[in-house]
K.L.:
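Following this message is one structure expressed as structure tokens.
Since we're looking at a predicted model, the values are computed, not measured. Numbering of ligands and ligand atoms starts at 1, following listing order.
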Amino acid sequence: MEYLECIFCQKEYPLDLFYPFCPECQEPLLFSYPFKKKTFFFRKEGLEKYLDFLPLRKINHNFSLGEGNTPLLRLNRLKEKLNLSSVLAKNETINPTHSFKDRGSAIAIQKAVSMGMERIGTVSTGNMAVSTAAYGARAGLKTYVLLKEDISQEKLLSTAIYDPVLVTVQGDYGHLFRQSYLLGKRFKIYFMNSVDPFRIEGYKVAGFEMYLQLKRQAPQYIFVPMSSGGHLIGLMRAFLDLKQAGFIQEYPTFVGIQPKGCSPIAQAYAQRKSKFKRIAKTDTVAQAVTNPDPPGGNVALKMIRQNKGMIIDVSDKEILAAQKMLAEDEGLFCQPASATTLAALLKLSGKLKFESQDKVVLIITGSGLKAVRTLKSLRLNIHQASLSNLEKTMNSLLA
Ligand SMILES: Cc1ncc(COP(=O)(O)O)c(C=O)c1O
Ligand SMILES: [Zn+2]
């Protein structure tokens with residue numbers, strides 16, 4: 001028998017894939033592991049290396065798309081600019097569908113197949129739709145995708161190519177999220193949404209990779225963009241696992257970031273509240289992180305308070321400047337949602353007291369190619385010439 005636990009009332013409930021929420025607190029439930037000494041299996045491939053820390057008995061490699069193993073890049077120009085000892089980027093954009101969501105889909109799909117599910121689904125602002133559709137196709141499951149109607153063409157078409165049942169839905173995203181579970185129960189569709197307990201366990205693997213990439217050390221700071229809160233919860237759980245297993249002594253400081261135009265969790269954090277208040281309207285360039293009623297918001301607030309960390313917000317102007325800086329200075333092209341990490345680091349760099357050995361990691365969650373629309377608001381240098389005056393133009397540009 002498998003159990004899910006509520007970190008609010010501490011109760012455990014038998015696993016229900018169709019509705020993984022506490023019936024008393026209404027908060028998302030997390031996977032509960034039976035106590036066991038855990039280790040990494042270094043000789044194994046892919047996810048099998050982390051099997052002790054995952055909610056699966058075995059891994060079927062046929063359902064993998066080669067997710068994970070993403071590089072931890074040194075951002076040396078930014079390091080100099082900010083006068084820090086080490087700034088690193090965990091480049092999640094190179095996952096199979098170009099975002100961190102693949103790590104969660106990879107584990108949730110294993111669970112779906114092992115439990116005999118024939119239908120899976122997701123509600124998404126875009127990245128999770130593409131990812132779930134890809135993994136659904138890979139495993140040969142019927143996949144249902146409900147999308148926000150204002151989704152970018154890049155995300156819409158790159159989801160549709162996998163041929164899921166795709167519906168763009170008008171109306172409030174928070175309500176759509178909750179309604180999906182009613183539909184899931186009724187039509188036997190496993191909605192592996194943003195705070196699905198198995199998706200969250202999948203996000204831990206990026207944390208384990210960072211620990212191993214840093215020669216078995218935790219970084220001192222980890223910057224993570226937040227919408228539903230699922231990703232931050234997963235990464236925080238990875239380092240809790242590492243601490244519990246005795247692999248690290250010091251827990252990293254997590255910095256969760258939301259755009260000012262959609263910052264219910266950051267507002268609750270600033271007001272020292274334990275529960276966030278849903279917001280009426282969202283307005284930000286960081287379209288991927290616009291959940292006005294984030295289902296993992298309260299769990300994230302509690303975990304941040306119980307461990308180390310903070311949740312802050314950044315403006316669209318700061319986000320766009322950071323997006324350009326990452327591309328220009330370091331060659332990394334990410335979505336505005338992901339650039340919130342650098343925007344937050346720039347904002348905090350005068351305020352946080354970094355030590356000389358501190359390692360700061362920015363989680364670069366998704367590729368910029370999925371949100372080219374917003375680039376129009378940046379002042380990008382593009383020159384024009386005819387063939388006959390090309391030489392002259394080039395000459396003037398050489399200076
Ligand atoms: C690119 C990107 N970054 C960050 C997030 C936030 O993740 P979460 O909803 O798990 O907080 C999302 C969510 O859709 C995303 O697409
Ligand atoms: Zn509860």
K.L.:
Given Gln287, which of Lys370, Lys155, Lys148 fulfils the side chain to side chain donor-acceptor pair (under 3.5 Å) condition?
P.N.:
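Of Lys370, Lys155, Lys148, side chain to side chain donor-acceptor pair (under 3.5 Å) with Gln287 is met by Lys155 alone.
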K.L.:
Would you say Lys101 touches ligand 1, if touching means a heavy atom closer than 4.0 Å?
P.N.:
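Yes, Lys101 has heavy atoms under 4.0 Å from ligand 1.
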K.L.:
For Ser99, state whether at least one heavy atom is located under 4.0 Å from any atom of ligand 1.
P.N.:
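It does not, in that no heavy atom of Ser99 comes within the 4.0 Å cut-off of ligand 1.
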K.L.:
Quick one: angle Cys22 SG - the Zn ion (ligand 2) - Cys9 SG, to the nearest 10°?
P.N.:
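That angle is 110°.
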K.L.:
What protein heavy atom sits nearest atom 10 (O) of ligand 1, and how far away is it?
P.N.:
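For this ligand atom, the closest protein heavy atom is His231 N, 2.8 Å.
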K.L.:
What residue and heavy atom of the protein are closest to atom 16 (O) of ligand 1, and at what distance?
P.N.:
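Checking every protein heavy atom, the shortest distance to atom 16 (O) of ligand 1 gives Asn127 ND2, 2.6 Å.
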K.L.:
Does CG in Asn62 sit with more than 12 non-hydrogen atoms of other residues, nucleotides or ligands closer than 6.0 Å?
P.N.:
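Yes - once you tally the heavy atoms of other residues, nucleotides and ligands closer than 6.0 Å, there are more than 12.
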K.L.:
Looking at CE of Met236 and CD of Gln306, how far apart are the two atoms once the value is rounded to the nearest 0.5 Å?
P.N.:
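So the CE of Met236 and the CD of Gln306 are separated by 8.5 Å.
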K.L.:
Identify the closest protein heavy atom to atom 2 (C) of ligand 1: which residue and atom is it, and at what distance?
P.N.:
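Among all protein heavy atoms, the one nearest atom 2 (C) of ligand 1 is Thr365 OG1, 3.4 Å.
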K.L.:
Please check whether Ala337 reaches ligand 1 - meaning an N/O of the residue sits under 3.5 Å from an N/O of the ligand, judged on distance alone.
P.N.:
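No; the residue has no nitrogen or oxygen that sits under 3.5 Å from a nitrogen or oxygen of the ligand.
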K.L.:
Identify, for atom 5 (C) of ligand 1, the protein heavy atom at the shortest distance, and state residue, atom and that distance.
P.N.:
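Answer for atom 5 (C) of ligand 1: Val289 CG1, 3.5 Å.
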K.L.:
Can you report which non-hydrogen protein atom sits closest to atom 8 (P) of ligand 1, along with the distance?
P.N.:
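Sorting protein heavy atoms by distance from atom 8 (P) of ligand 1 puts Ser228 OG, 3.3 Å first.
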K.L.:
Starting from the C-alpha separation in whole Å, work towards a yes-or-no answer on ring-ring contact (aromatic ring centres under 6.0 Å, His included) for Phe53 and Phe40.
P.N.:
CA-CA 8 Å; Phe53 297 89; Phe40 293 114; 5.0 Å; yes
K.L.:
For ligand 1, is any non-hydrogen atom under 4.0 Å from Thr125's backbone (N, CA, C, O), its side chain (CB onward), both, or neither?
P.N.:
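Side chain only.
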K.L.:
Pick whichever of Ser194, Ser227, Gly366 has a heavy atom sitting closest to atom 6 (C) of ligand 1.
P.N.:
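The option holding the nearest heavy atom is Ser227.
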K.L.:
Would Asp241 and Lys204 count as a salt bridge (Lys or Arg N to Asp or Glu O under 4.0 Å) here? Give the steps.
P.N.:
CA-CA 9 Å; Asp241 281 1; Lys204 293 195 312 193; 2.7 Å; yes
K.L.:
Between Glu2 and Lys111, is the closest basic N to carboxylate O distance under 4.0 Å?
P.N.:
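Counted as a salt bridge, because a side-chain N and a carboxylate O are separated by less than 4.0 Å.
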K.L.:
With respect to Ala288, determine whether any N or O atom, backbone or side chain, lies less than 3.5 Å from an N or O atom of ligand 1.
P.N.:
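By distance alone, the answer is yes.
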K.L.:
Report, as yes or no, whether the 6.0 Å neighbourhood of atom CZ on Arg77 holds more than 12 heavy atoms from other residues, nucleotides or ligands.
P.N.:
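At most 12 heavy atoms, drawn from other residues, nucleotides or ligands, come within 6.0 Å of this atom.
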K.L.:
Starting from atom 7 (O) of ligand 1, which protein heavy atom do you reach first, and at what distance in Å?
P.N.:
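It is Phe100 CZ, 3.4 Å.
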K.L.:
Between Glu92 and Arg103, does any side-chain N to carboxylate O distance fall below 4.0 Å?
P.N.:
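Between Arg103 and Glu92 there is a salt bridge, with a charged N closer than 4.0 Å to a carboxylate O.
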K.L.:
Does an N or O anywhere in Tyr203 fall below 3.5 Å from an N or O of ligand 1?
P.N.:
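Tyr203 vs ligand 1: no N/O contact under 3.5 Å.
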K.L.:
Quick one: angle Cys25 SG - the Zn ion (ligand 2) - Cys6 SG, to the nearest 10°?
P.N.:
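Between SG of Cys25 and SG of Cys6, at the Zn ion (ligand 2), the angle is about 110°.
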